Amino acid sequence: MTTSNETQARNFLQEIVAEDKQAGKYGGRVHTRFPPEPNGYLHIGHAKSICINFGLAQQYGGKCNLRLDDTNPLTEDTDYVESIQRDVRWLGFDWDDRKFFASDYFEKLYAFAEQLIRQGQAYVCSLTADEISEWRGDFTTPGRDSPYRNRTVEENLDLFRRMRAGEFPDGKHTLRAKIDMASPNPVLRDPPIYRIRHAHHHRTGDTWCIYPLYDFAHCLSDSIEGITHSICTLEFENRRPLYDWIVDALIKGERPHQYEFARLKLTYTVMSKRKLLQMVSDKSVSGWDDPRMLTISGLRRRGFTPESLRDFATRIGVSKSDSWIDMGVLELSIREDLNERAPRAMAVLRPLKVVVTNYPEGQTEMLEVANHPQKPELGTRQVPFSRELFIEADDFQEVPQKGFFRLAPGKEVRLRSAYFIKCEEVIKDAAGNVTELRCTYDPATRGGDSPEGRKVKGTLHWVPGTAPTAEVRLYDRLFSVEHPDKDKDRDFKEFLNPNSLEVITTARVEPMLAQAAPESRFQFERLGYFYADPKDSTAGRPVFNRTVTLKDSWTKEQAKGK
RNA sequence: UGGGGCGUCGUCUAAUGGCAGGACGUCAGACUUUGAAUCUGAUUAUCAAGGUUCGAAUCCUUGCGCCCCAGCCA
């Protein structure tokens, strides 16, 4: 019998790296890289890639570089560079002194381009963008050779140098690799590798007016950095022949190889940077770090931990099959982590006043409450108890439905770590709304202990009548359907969940919570895990973000009854 | 349509010609001072059809389905 503990199943990338290392390839060296383009914030799909690339390096005694792939000055920005570094570090990974930019290599890449020209493997093409597209053909018809394909090396070199010198406007010429216009793979039909762009670059400023394209820059950046395994997502698989062609043409000796895995797809969300950017710009969300966003910064602000995200990444595995991960898996990862480490606390979201009629007026006693039921080492705290208190409005039903074992007229429940109380009277306003409950308590049940084995099924959380109020933000899935961008004819934003955020400003919290430091995490008993918002919390007035609810079999039970 | 890739429980993922395993989910139960956690049990899968073989998820053939590619984006 094998169990997951005994079998250390390797994913296909680990297998490739292990075999290469075993075979002594690259002298046993393992060197990966995480190469985001700084044109947006990192999301949970990137987190998967980060864990794969940095993880592989860790597991096989290698290194992983951080490389900002900044070859398109139109979309890139230093703000993004900063956020990327912050997010990778927060996730728990370290590139030491190996932070690189593709733009570090512009001079070298230019030299490689000239070399390609001299080798007769690249030419300056003067077709317009539209013409290039036309001449490329389509899936069924081969492309036609550009009329500029046979320019001499000298002419190409001259033109290319003048492109660099800024003699031509945008789009006037491109440098193209001379491969095969009839290739069944359109990527190989003389792909442009340099274009003219008179644009300000976030790092090189106005030094350049020509910029290399991804296919040219990426494989050569890998080569320059001594990358051994260049890992990317499946949609780049078509480009691997081009990767190899360029590297073969220009690099002698050891060279990197590209491998592809399936990108992460999560239900109830969208993953493309374009769509995330759109929601940020049109204010569908409050920003890149809106806690509903599946960006790393959004998840961080929601209260996710780096550990839970890393756990998620290993849990979902790595393969080449195009698959959907259920949002429940992400929720499981954070619940599992926070169940272990989050101290418990009591907060009431929708307060219902309870008066304990037989409790002496003006008396207050301190009750000791455990911070974690399974971890006595996390200690206890004191919560004041007196004649007036609040319970959750949901925890009372005047006419209890089937299976409801919380408070109801004549019924007895336990107040967590306090006393048993019994509902004697229901007070309503003129409109018939329940505004207050009159209860009696049993002094023999102090601490919540059951005397002579008396059973009560329900245990409710509560806060003192003097409890401070706090703002609580209840977050839910951003989209209300599993696959918001599956239907190409419908805008994904039609599926935004209108209830993805509920702000409650009148929640009541136990006294200790009013002092909660920003970024601290708690389990609000019976409600979920909450995180003191790092931006909006102020001294003595924390704002709590709901990270995730507790598993709730009662709601499920209720739904079944209907 | 040409090329490339991928098809294993509801979902994700193992198997490297030798008992289709694990996790999540679901269902049932135990326990419970959180309807949480924990524990126990159950549940369900090799895209199809042929072939090779003592033996096929794995190899071969044919078919089917899904994904990617026709940016001077990455």
Side-chain angles (χ1 to χ4, degrees), chain A residues 1-5 7 9-11 15 35-37 39 69-72 74-76 125 127-129 132-134 136-143 170-171 173-176 183-189 191-197 211 213-215 217-218 232-241 260 262 267 273-274 315-326 328-329 332 335-336 339-340 344 346 369-370 372-374 403-406 414-418 420 445 447-450 456-461 523-528 549-558:
Chain A
M1 204 33 146
T2 54
T3 69
S4 57
N5 285 345
T7 318
R10 285 203 213 120
N11 66 49
E15 219 147 273
E37 183 189 11
N39 68 346
D69 205 354
D70 55 350
T71 57
N72 184 358
L74 263 26
T75 56
E76 294 150 6
C125 179
L127 253 22
T128 65
I132 285 187
S133 173
E134 256 180 67
R136 184 157 31 223
D138 58 31
F139 293 150
T140 43
T141 53
D170 288 4
H173 307 286
T174 55
L175 184 69
R176 293 229 251 165
S183 170
N185 181 355
V187 167
L188 297 177
R189 321 245 256 230
I193 54 177
Y194 261 92
R195 80 289 221 187
I196 301 172
R197 273 247 217 289
Y211 293 93
L213 278 113
Y214 167 85
D215 291 298
H218 200 90
C232 60
T233 45
L234 244 29
E235 66 271 25
F236 290 94
E237 203 156 24
N238 296 324
R239 322 190 81 88
R240 183 162 16 109
E260 311 85 13
T267 57
K273 264 195 221 171
R274 205 202 91 236
R315 204 180 276 270
I316 60 177
V318 181
S319 76
K320 293 191 75 157
S321 54
D322 191 17
S323 55
W324 285 94
I325 306 293
D326 195 281
V329 179
L332 176 82
R335 280 196 190 109
E336 216 170 79
N339 178 48
E340 285 296 311
R344 314 284 123 127
M346 291 195 288
V369 183
H372 194 300
Q374 282 85 32
F404 187 79
F405 52 72
R406 280 113 95 151
R414 172 190 292 113
L415 294 179
R416 174 73 151 158
S417 302
F420 287 11
T445 57
D449 286 324
S450 167
V456 284
K457 192 109 161 97
T459 298
L460 310 187
H461 61 280
Q523 183 198 90
F524 290 178
E525 289 205 47
R526 304 211 302 136
L527 297 174
T549 61
L550 253 29
K551 232 168 86 176
D552 179 4
S553 52
W554 168 237
T555 305
K556 205 191 285 178
E557 190 72 23
Q558 280 177 302

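Note that the structure is a prediction, hence the values are computed from the model and not measured. Chain A is the first sequence line, chain B the second, and so forth, proteins listed ahead of strands; every chain is numbered from 1.
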When every nucleotide of nucleotides 40-48 of chain B is labelled 5' to 3' by its protein contacts under 4.0 Å (heavy atoms), B for base, S for sugar-phosphate only, - for none, what sequence of letters results? ---------

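- Heavy atoms of A:Pro373 sit under 4.0 angstrom from at least one base atom.
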Nucleotide pairing, RNA chain B (Watson-Crick or G-U, distances under 3.5 Å), in dot-bracket with [ ] and |: .((((((..((((....[..))))((((((.......))))))...(((((..]....))))))))))).....

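- Scanning atom types as modelled, one donor and one acceptor separated by under 3.5 angstrom connect the side chain of A:Arg406 and the base of B:G35.
- Residue A:Thr140 is in base contact, counting any heavy-atom pair closer than 4.0 Å across all strands shown.
- Side-chain N/O atoms of A:Asp326 and base N/O atoms of B:G10 include no donor-acceptor pair closer than 3.5 Å.
- Nearest heavy atom pair, residue A:Arg414 against residue A:Gly448, reads NE-O, 2.7 Å.
- At a cut-off of 3.5 angstrom, counting only N and O atoms as typed in the model, there is no donor on one side facing an acceptor on the other between the side-chain of A:Arg315 and the base of B:U13.
- Among the protein residues, A:Leu550 comes within range of the nucleic acid bases, having at least one heavy atom under 4.0 Å from a base atom.
- Glycosidic conformation of B:G51 is anti; the angle lies outside 90° of 0.
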At under 4.0 Å between heavy atoms, which parts of nucleotides 25-30 of chain B does protein reach? Answer with one letter per nucleotide, 5' to 3': B base, S sugar-phosphate only, - none. -SS---

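- For A:Ser321 and A:Ser319, the side-chain atoms include at least one donor-acceptor pair closer than 3.5 Å.
- With hydrogens and angles left out, the side chain of A:Gln374 and the base of B:U38 share no donor-acceptor pair within 3.5 Å.
- Residues A:Asn72 and A:Arg197 form a side-chain contact, since some pair of their non-hydrogen atoms from C-beta on lies under 4.5 Å apart.
- Side chains of A:Glu37 and A:Thr75: a donor-acceptor N/O pair is present below 3.5 angstrom, by distance only.
- The residue A:Thr128 sits close to a base: some heavy atom pair falls under 4.0 Å.
- Distance alone, capped at 3.5 Å, places no donor-acceptor pair between the A:Ser183 side chain and the A:Leu188 backbone.
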